[in-house]
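Accompanying notes for the structure given below.
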Amino acid sequence: MSGTSSLFSPEAGAALSTKGLTRVWGAFVANSDIDFALPTGARHALIGPNGAGKTTFINMLTGVLAPSSGQVFIGGEEVTGLSQEKRVAKGVARTFQINNLFPGLTVLESVLLAILERKGEGDRWFRPLRAYKPEIEEAMELIRDLGLEAQAGEETQRLAYGKQRLVEIALALATRPRILLLDEPAAGVPAGESAEVFSVIARLPREVSILFIEHDMDLVRRFSERITVLVAGKILTEGAPEEIMSDPRVREVYLGEGHD
Ligand SMILES: Nc1ncnc2c1ncn2[C@@H]1O[C@H](COP(=O)(O)OP(=O)(O)OP(=O)(O)O)[C@@H](O)[C@H]1O
Ligand SMILES: [Mg+2]
């Protein structure tokens, strides 16, 4: 992208940043003028009530949704007009709020397919299995990293939901991202297993900058180093967890709110 018409320059040192990012549907403003920077190596939480515009924001970062105005940068490069695929190639991966696994495949097959996609061989995987030794080794390493070794040969859809969510993270990681965007990675996971999902996320290498959406404040406190609070499409405040959790404005927003 040339970026010659840009009004703004990207935030220095940020893995990903936005300037004035806005999305409207008719008269409804879902995201309003969002300036945001995700520093390299970040463990950053995006929180806010239901309908605040969190998923909308991530959808604009990944290219699923076009902004009405504003800009998205990956590192120093503007990517606002780029497709989802092109952003993946530039190192952006995401998981969805809703389970998004391919039916019928085992954990190993799913991860292998994602690796072959990355290598541009997604449509050639009918070659004999032995032709894929390096890819299978890479897949198994990733599967081990995520604590899914015992499930490698099982169909993803038969796994406990917490394990399914870990497979989704494995698929995102198979693209070798520099930026990982997680939309409620523990959504739907029984309370006892959600910390496991986040422990695995916490062990990911620091080269991967992470932004995650999460409603459970206890998980947010334990696993984020910085928090952005989105309310009615606008950034209310941003800061360290202790600061945010004791902010009366944040408490007010959450008081009496039911969260799933
Ligand atoms: N395609 C669409 N057309 C019209 N309005 C939409 C569309 N997608 C989302 N919205 C609205 O934008 C607002 C923000 O939605 P979004 O999904 O980003 O919220 P969220 O913060 O992720 O909420 P949750 O915590 O419930 O996941 C909501 O009021 C939603 O109804
Ligand atoms: Mg959402």
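Remember, it's 1-based here, ligands and their atoms both numbered in the order they're listed. Bear in mind that the values here come from a model prediction, so they are computed numbers and not experimental data.
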Exercise for the section: Identify whether the distance between the nearest side-chain nitrogen and carboxylate oxygen of Lys163 and Glu196 falls below 4.0 Å. Expected result: yes

Exercise for the section: Report yes if Gly51 has an N/O atom closer than 3.5 Å to an N/O atom of ligand 1; otherwise report no. Expected result: yes

Exercise for the section: Would you please indicate yes or no on a ring centroid separation below 6.0 angstrom for Phe212 and Phe223? Expected result: no

Exercise for the section: Below 4.0 angstrom from a heavy atom of His215, which ligand 1 atoms are there? Numbered from 1 as shown, please. Expected result: 25 (O)

Exercise for the section: Give a yes or no on whether Leu159 and Ile169 share a hydrophobic cluster (residues Ile, Leu, Val, Met, Phe, Trp, Tyr; joining criterion: side-chain heavy atoms under 4.5 Å apart). Expected result: yes

Exercise for the section: Compute the minimum heavy-atom distance from Gly48 to ligand 1 and say whether it is under 4.0 Å. Expected result: no

Exercise for the section: Count the heavy atoms belonging to other residues, nucleotides or ligands that lie under 6.0 Å from CZ of Arg206, then report whether that count exceeds 12. Expected result: yes

Practice task
Could you say whether the N/O atoms of Ala52 and ligand 1 ever approach to under 3.5 Å?
Solution key: yes

Handout entry: Carboxylate-amine/guanidinium proximity below 4.0 Å for Glu168 and Arg165
Key = yes

Problem - Close side-chain approach of Glu184 to Thr55, heavy-atom, < 4.5 Å - result: no

Completion exercise
Here the atoms of ligand 1 under 4.0 Å from any heavy atom belonging to Glu184 are 25 (O), 27 (O)

Practice task
Using a strict 4.0 Å cut-off to heavy atoms of Asn50, name the atoms of ligand 1 that fall inside it.
Solution key: 23 (O), 24 (P), 25 (O), 26 (O)

Problem - Atoms of ligand 1 close to Thr56 [distance to a heavy atom under 4.0 angstrom, numbered from 1] - result: 14 (C), 15 (O), 16 (P), 18 (O)

Practice task
Heavy-atom distances under 4.0 Å are what count here, so tell me which part of Phe57 touches ligand 1: side chain, backbone, both or neither.
Solution key: neither

Handout entry: Rounded distance (nearest 0.5 Å) linking atom CG of Leu142 with atom CZ of Arg176
Key = 9.0 Å

Handout entry: Short N/O/S contact of Thr55 with the Mg ion (ligand 2) (below 2.8 Å)
Key = yes

Fill in the blank from the handout: Filtering Thr55, Val24, Val231, Leu65 for the heavy atom nearest atom 17 (O) of ligand 1 leaves Thr55

